[in-house]
Amino acid sequence: MLEIARTLDPQTSRALEDAPTPMSACADYDVVRRIIAFISENWRDQPSLESIADHVGLSTSHVHHLFRRWAGLSPKAFLQAVTLDHAKRLLDAEASLLDATLELGLSGPARLHDLFVTHEAMTPGDYKAKGAGLVLSYGYHPSPFGEAIVVATPRGLAGLGFVDDADRDGALADMRRRWPNADFVRDDAATSSYPARVFEPERWRPDQPLDIVLIGTDFEVRVWRTLLGIPFGRATTYSAVAEKIGSPKAARAVGAAVGRNPISFVVPCHRVVGRSGALTGYHWGLTRKQAILGWEAGRMA
DNA sequence: AGGCAATATCAGC
DNA sequence: GCTGATATTGCCT
């Protein structure tokens with residue numbers, strides 16, 4: 001029982017700097033991530049709540065409450081939600097999961113994704129252009145998973161990433177690398193409305209879909225669109241996605257494309273795991289992938 | 001050509 | 001059986 005997917009990435013376990021902002025969950029994430037990281041590194045000795053609390057320097061009850069508030073789950077339940085076992089069960093139930101949801105999105109523009117997204121793909125030429133001629137506004141905002149960098153065009157959300165170690169420049173550089181020829185303009189006002197719409201499930205309304213813009217190669221866009229069909233709190237494998245897009249043997253390439261997803265969380269690349277149930281990789285750190293998966297588990301009916 | 005966020009397979013516990 | 005290591009793989013940029 002209690003096996004955490006073993007591929008954890010220790011460098012994501014460092015502390016964030018505090019973000020003095022409303023969305024209270026953001027400040028919590030600093031502690032939460034340290035708790036998750038600690039548990040993940042020490043799962044072999046089944047750390048008690050007490051030793052966890054010790055490690056982050058808080059009382060046991062504080063840890064418990066904080067964690068519950070953030071994840072909707074006790075630390076122990078959270079742990080179970082992120083075990084290999086659990087991931088495997090998600091996969092078993094997978095069956096025709098992708099088919100059911102996706103077809104809906106193809107016939108009508110509206111309902112893809114639990115978040116209700118309308119997507120627009122910027123086509124082939126833009127791959128070569130690397131974003132030339134595009135003006136991208138970006139800003140930094142708190143989120144339940146640490147400070148987020150938000151990148152938007154007038155047509156909608158184009159990028160969403162996370163800041164680690166208070167390294168905003170690094171997060172920005174990561175976005176620039178994706179569209180080297182685009183103009184990046186700091187404009188927090190232009191991006192400030194996104195985080196709440198994205199990270200607060202109670203605001204997900206079919207009549208107010210979120211506009212996103214997918215900028216990538218044809219193959220990438222196909223993969224990303226497929227990801228939008230994976231329901232909240234569920235998971236699939238790289239090979240299943242490969243089959244879905246009609247290249248059953250391209251699991252590896254799918255992995256690479258998934259890794260290049262620019263709109264973290266909204267395009268749920270965190271819901272793709274290895275065939276064995278292992279978490280494999282995550283562009284913004286495996287600890288964060290665990291956190292998001294657990295957070296979703298805590299918000300399931 | 002080069003590289004992969006994959007997967008199948010196998011030896012050692 | 002399970003685990004980690006290694007070999008093989010197909011396809012994208």
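For clarity, every value in this text was computed on a predicted model and none was experimentally measured. Chain letters run A, B, ... following the sequence lines, proteins first and then strands; every chain starts at 1.
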Checklist entry - Hey, which of these two, A:K249 or A:R260, hits DNA chain C nearer its 5' end, going by closest nucleotide? => result A:K249

Item to check | Near-ring test A:F145/A:W284, centroid separation under 6.0 angstrom | outcome: no

Item to check | Pair A:F265 + A:F199: ring centers closer than 6.0 Å | outcome: yes

Let me know the distance between [atom1] of [X] and [atom2] of [N], rounded to the nearest Å.
{"X": "A:R177", "N": "C:dT13", "atom1": "CZ", "atom2": "C1'", "value": "17 Å"}
{"X": "A:L227", "N": "B:dA5", "atom1": "CG", "atom2": "C1'", "value": "12 Å"}
{"X": "A:R252", "N": "B:dG2", "atom1": "CZ", "atom2": "C1'", "value": "12 Å"}
{"X": "A:R288", "N": "B:dA5", "atom1": "CZ", "atom2": "C1'", "value": "16 Å"}
{"X": "A:F219", "N": "B:dG3", "atom1": "CZ", "atom2": "P", "value": "19 Å"}
{"X": "A:R275", "N": "C:dT9", "atom1": "CZ", "atom2": "P", "value": "17 Å"}
{"X": "A:L279", "N": "B:dA6", "atom1": "CG", "atom2": "P", "value": "12 Å"}

Checklist entry - Should the pair A:Y29 and A:W70 be assigned to parallel (<30°), tilted (30 to 60°) or perpendicular (>60°) ring geometry? => result tilted

Checklist entry - Base, sugar-phosphate alone, or nothing: which one does A:Y238 contact when heavy atoms must sit under 4.0 Å apart? => result base

Item to check | DNA chain B: 5'-proximal contact among A:A253 and A:S239 (nearest heavy atom) | outcome: A:A253

Checklist entry - To the nearest 0.5 Å, what is the distance between CD (A:E220) and CD1 (A:I215)? => result 11.5 Å

